Amino acid sequence: MEIFRMNDDATQQLVHRTEVVMNNLNPAWKTFKVSVNSLCSGDQDRRLKCIVWDWDSNGKHDFIGEFSSTFKEMRGAMEGRQVQWECINPKYKAKKKNYKNSGIVILNQCKIHKMHSFLDYIMGGCQIQFTVAIDFTASNGDPRNSCSLHYIHPYQPNEYLKALVAVGEICQDYDR
């Protein structure tokens, strides 16, 4: 099964492709994780298109059917409830009078795990303490040799000092 996000410019962006389930008319795909940002760009009403394929080793996979949904609909599978969609093959639907669907896709569970950003931690009162430790082991090379990362150049900082300054300048604003 492939899940596509429908973009504002009417293009489709592949968001997730499940593993292939071999020789099974009722496949049960493994649990997977997709970020809300890649799934719907934070818009819970953005259309998602799901396409189900029957995998063939020659690469010419057979189209089973498709359905559309939104993240808001998928969230209905929280707290032990299931959400289901009819998988429709438009060609079969147009040709066959009694065509109902090509199967039912059931979402058993939807969980949302909040991933906190650096700013979330800072705004929540987290304090940072910037501490530096320097390894003066001889295996790092002679600081008088210009090939060593520890080389002490008379006019410019070495790579270690550049890294320390880069990190330190950012952290200093968050360290009391």
Side-chain angles (χ1 to χ4, degrees), residues 1-22 27-53 55-61 66 68-79 83 107-176:
M1 182 170 70
E2 296 175 323
I3 302 172
F4 293 87
R5 175 183 71 217
M6 306 303 288
N7 296 319
D8 294 334
D9 62 358
T11 60
Q12 299 177 15
Q13 171 95 32
L14 179 65
V15 174
H16 183 76
R17 181 178 288 133
T18 66
E19 79 282 2
V20 173
V21 179
M22 303 291 275
W29 293 286
K30 294 177 184 172
T31 300
F32 59 90
K33 295 179 182 181
V34 178
S35 75
V36 174
N37 190 42
S38 54
L39 186 65
C40 61
S41 300
D43 176 5
Q44 295 190 19
D45 292 314
R46 182 178 297 272
R47 296 305 308 165
L48 302 170
K49 182 177 182 179
C50 300
I51 302 175
V52 180
W53 299 93
W55 184 85
D56 286 330
S57 59
N58 65 5
K60 296 181 180 180
H61 312 310
E66 63 187 27
S68 71
S69 184
T70 63
F71 179 57
K72 187 182 274 184
E73 289 174 21
M74 291 178 177
R75 286 184 62 164
M78 296 174 73
E79 301 168 11
V83 180
L107 178 60
N108 288 318
Q109 189 176 57
C110 177
K111 289 184 179 179
I112 300 173
H113 297 281
K114 173 95 166 115
M115 299 296 290
H116 297 285
S117 69
F118 176 73
L119 195 55
D120 290 333
Y121 284 104
I122 297 300
M123 291 174 65
C126 181
Q127 295 183 14
I128 294 176
Q129 204 167 19
F130 185 65
T131 306
V132 177
I134 300 175
D135 179 7
F136 287 106
T137 316
S139 64
N140 288 325
D142 186 348
R144 294 172 294 202
N145 182 344
S146 63
C147 295
S148 169
L149 290 174
H150 289 275
Y151 177 62
I152 301 171
H153 193 281
Y155 305 110
Q156 63 186 20
N158 64 25
E159 296 303 311
Y160 286 107
L161 186 54
K162 288 178 187 175
L164 284 170
V165 169
V167 173
E169 283 181 344
I170 293 169
C171 291
Q172 74 181 355
D173 296 329
Y174 304 102
D175 186 351
R176 291 184 185 191

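For the numbers below, each heavy atom of this structure counts, side chains included, while hydrogens, waters and symmetry mates do not. What you see is a predicted model, and the numbers here were worked out from it, not measured in a lab.
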Check residues 161-173 and write down every donor-acceptor pair under 3.5 Å in which the side-chain atom is one partner and the other belongs to a residue at least two apart or another chain.
from: Lys162; atom 1: NZ; to: Glu159; atom 2: OE2; distance (Å): 3.4

### Summary
Residues Cys110 and Arg75: closest non-hydrogen pair is SG-CA, 4.1 Å

### Task
State the CD-CE distance between Gln109 and Met78, to the nearest 0.5 angstrom.
9.5 Å

### Query
If you draw a 6.0 Å radius around NZ in Lys33, do more than 12 non-hydrogen atoms from other residues or ligands fall strictly inside?
no

### Within-4.5 Å side-chain heavy-atom neighbours: Lys49 and Arg47
no

### Query
How far does CG of Asn158 sit from OG of Ser146, to the nearest 0.5 angstrom?
12.5 Å

### Task
Enter the distance from Asn7:CG to Ser41:OG here, rounded to the nearest 0.5 Å.
7.0 Å

### Task
Quick one: list whatever passes side-chain hydrogen bond (donor to acceptor under 3.5 Å, both in side chains) with Asn108, sequence neighbours left out.
Gln82

### Query
With a 4.5 Å limit on heavy-atom distance, are the side chains of Phe71 and Val34 in contact?
no

### Query
Mind checking whether His61 and Trp55 have parallel, tilted or perpendicular rings, split at 30° and 60°?
parallel

### Task
Just jot down the side chain to side chain contact (heavy atoms under 4.5 Å, CB included) partners of His113, sequence neighbours excluded, or say none.
Lys111

#### Entry: Contact check, side chains of Arg46 and Asp8, non-hydrogen atoms, under 4.5 Å
yes

### Task
Considering non-hydrogen atoms only, spot the tightest contact between Met115 and Asp120 and give its length.
O-OD2, 4.4 Å

## Note on the structure
CE of Met1 to CZ of Phe32, rounded to nearest 0.5 Å, is 5.0 Å

### Task
Locate the shortest heavy-atom distance separating Cys50 from Met74; write the atom from each residue and the value.
SG-CE, 4.4 Å

### Task
Check whether the side chains of Ser35 and Asn37 place a donor and an acceptor atom closer than 3.5 Å, and report yes or no.
no

### Query
Rounded to the nearest 0.5 Å, how far does NE2 of His16 lie from CD of Glu2?
10.0 Å

### Task
Side-chain contact test, heavy atoms from C-beta onward, threshold under 4.5 Å: evaluate it for Asp43 versus Thr70 and give yes or no.
no

#### Entry: Ring geometry between Tyr174 and Phe118 (parallel below 30°, tilted from 30 to 60°, perpendicular above 60°)
perpendicular

### For Leu14 against Arg17, the heavy-atom pair lying closest together
CD2-NH2, 3.3 Å

### Main-chain N/O of Asn58 paired to Asp56 side chain as donor or acceptor, under 3.5 Å
no

### Message
Using 0.5 Å steps for rounding, measure from the CD atom of Gln12 to the CG atom of Leu48.
### Response
11.0 Å

### Query
Do Met22 and Val20 have side-chain heavy atoms sitting under 4.5 Å apart?
yes

#### Entry: Smallest separation among heavy atoms of Glu73 and Ser68, with atom names
OE1-O, 4.2 Å

